2 protein chains.
Amino acid sequence: MTGTRPLRADAARNRDKLLVAATQVFGERGIDAPLEEIARRAGVSIGTLYNHFPTRQAFFDAIFPERLAALDRMAAQALADPDPWNGFVGFLHALFALQAQDHGLNDALARRFPVTGEANDACHSGLTQLDRIIERAKESGQLRDDFEPQDLATLVWAMSQVIREAMEAAPQAWRRCLAFFLDGLRAGAAHPIAVPALTTVQLAEVTRASANRT
Amino acid sequence: MTGTRPLRADAARNRDKLLVAATQVFGERGIDAPLEEIARRAGVSIGTLYNHFPTRQAFFDAIFPERLAALDRMAAQALADPDPWNGFVGFLHALFALQAQDHGLNDALARRFPVTGEANDACHSGLTQLDRIIERAKESGQLRDDFEPQDLATLVWAMSQVIREAMEAAPQAWRRCLAFFLDGLRAGAAHPIAVPALTTVQLAEVTRASANRT
DNA sequence: CATGAAGCTGAGGCTTCCCTCGACTTAGGT
DNA sequence: ACCTAAGTCGAGGGAAGCCTCAGCTTCATG
């Protein structure tokens, strides 16, 4: 399986240049940035780009896992916090700060949260821990009881748009929006909600629909 | 100024067919739907489409004002409610329900809120009343004091993405997300927020940037 | 340093959408 | 009935992206 020959030196160099360029370009222009711009910025022809990364998804698989691995660390940190609410809030701040730094990641999470493909593996343990973070915050009586892990998906969608719109003119705006939202998540603030959380099936459907739209 | 000759009968008919088709197509496929699809669905050539509506914006100017005029009515209703909080919440529900019915309107508000162009006039009084709705809810001690009218813009951005993503699989999902948010807007739930609201200048910048992106 | 495999190149075909313009058709007045 | 201004048509040129492939360059191994 892993019987792939090692890359020739120049090819390895080009691959690296492409990854650097792709990270920049997706970061600046979002997930739909033209591949030709990546090739141009890497100083490489479009053909070479396709040699190394036959599809757009191939780039994502090479770039995002590294980014998302940070979520694992953030999740661990959150669980280590003696104050479960603090941990929960800290995790969310870290997550959205990550999105705010990178148009591409922001797009990716907006459209494909929960994450699919290679990237899934990268942050899988982070997301599993997430359930625990939420559970812990509920048990401590700080997070409202009717908040479900699936509700985090809608929060990610919501914040992604605030981040996208305000990124240039007011890069901190999302923090204020999140603060309002978080105040609504405190146990003390809770009022009954008629609409149930998304089922995991619905969530999967949304993700699939979103991916097709791409 | 209004010295434009009345349209010939067949031309008027075509214009109507185009408006009907445009309303449908933008509603289903969003604000970036291909104009050629509109022409096709109207049973009219692309040339005729451009005769009547030389730009995409011309369609918006013809379609959205009518829609947004509903906001006026909604705002009046909100102000008439004896319970200011109820009025405020009712207005928001009506606004987002409107967005949830129409991909095009949802896109338009997500990218250009506050609204620009002709559409501005249509809902101008609605938006002026909005300040009053917020003011009233604050005075009654139900809406938290630090909520500013500009914060509504970020809420619209946020909800627009939730609506867009979940529209097919869970058309009601936005209601749950909004409920969490609203619980955070109640005076009793308020915790101090470090980040100030957007200035009106920033808001204008965002809108301009968004429009350029189109 | 010769040679074959590995890799690079970019012109060009394809698609989708935009928008224009000259040739045609028709409504509606006389 | 006829005429003409008003309106319609759709081929086609243009831009932006995607992706391929035949021919060329370069690495690295003996």
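Just so it is clear, the structure is predicted and the values come from calculations on it, not from any experiment. Each chain gets a letter, A, B and so on, in the order its sequence line appears, and its residues count up from 1.
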*Within residues 12-25 of chain B, find the residues that approach DNA chain D with a heavy atom at under 4.0 Å, and present them sorted by residue number.*
B/N14
*asked:* Assess the residue pair B/D61 and B/Q57 against the criterion (side chain to side chain donor-acceptor pair (under 3.5 Å)); give the C-alpha distance rounded to whole Å, side-chain angles, the decisive distance to 0.1 Å, and a yes or no.
replied: CA-CA 6 Å; B/D61 289 346; B/Q57 182 66 42; 2.9 Å; yes
_Pairs involving residues 14-25 of chain A, ordered by first then second residue, that meet salt bridge (Lys or Arg N to Asp or Glu O under 4.0 Å) (sequence neighbours left out)_ = none
*asked:* Could you check whether any side-chain heavy atom of A/L185 comes within less than 4.5 Å of a side-chain heavy atom of A/W85, counting everything from C-beta outward?
replied: yes
_Greater than 12 external heavy atoms within 6.0 Å of A/R144's CZ_ = yes
*Among residues 44-51 of chain A, which contact DNA chain C at a heavy-atom distance under 4.0 Å?*
A/V44, A/S45, A/I46, A/G47, A/T48, A/N51
*Rounded to whole angstroms, how far apart are NE2 on B/H52 and P on C/dC19?*
17 Å
*Can you find a side-chain donor-acceptor pair between B/Q129 and B/R132 that sits under 3.5 Å?*
no
*Salt-bridge present (B/D32, B/R56; N to O < 4.0 Å)*: no
_Do the side chains of B/R40 and B/E37 get close enough for a salt bridge, i.e. N-O under 4.0 angstrom?_
yes
_Checking A/Q101 now: which residues fulfil side chain to side chain donor-acceptor pair (under 3.5 Å) with it, not counting sequence neighbours?_
none
*So does B/Q77 have more than 12 non-hydrogen atoms from other groups sitting under 6.0 Å from CD?*
no
*When you list every nucleotide of DNA chain D with an atom under 4.0 Å from a heavy atom of chain A, which one comes first 5' to 3', and which comes last?*
D/dG17 to D/dA28
*Is the shortest distance from a Lys or Arg side-chain nitrogen in A/R176 or B/E148 to a carboxylate oxygen in the other one below 4.0 Å?*
no
*Nearest nucleotide by nearest heavy atom, which residue falls closer to the 5' end of DNA chain D, B/L7 or B/E36?*
B/L7
*Rounded off to whole Å, could you give me the CZ-to-P distance for the B/F53 and C/dC18 pair?*
15 Å
*In whole angstroms, how far is the C1' atom of C/dT9 from the CG atom of A/D10?*
13 Å
*B/I31 has an atom CD1; how far is it from atom P of C/dC17, in whole Å?*
17 Å
*Between B/R29 and B/A9, which is nearer to the 5' end of DNA chain C once each is assigned its nearest nucleotide?*
B/R29
*asked:* Using the side-chain contact (heavy atoms from CB on, under 4.5 Å) criterion, which residues pair with B/A22? Sequence neighbours excluded.
replied: B/F26, B/I38, B/F59, B/I63
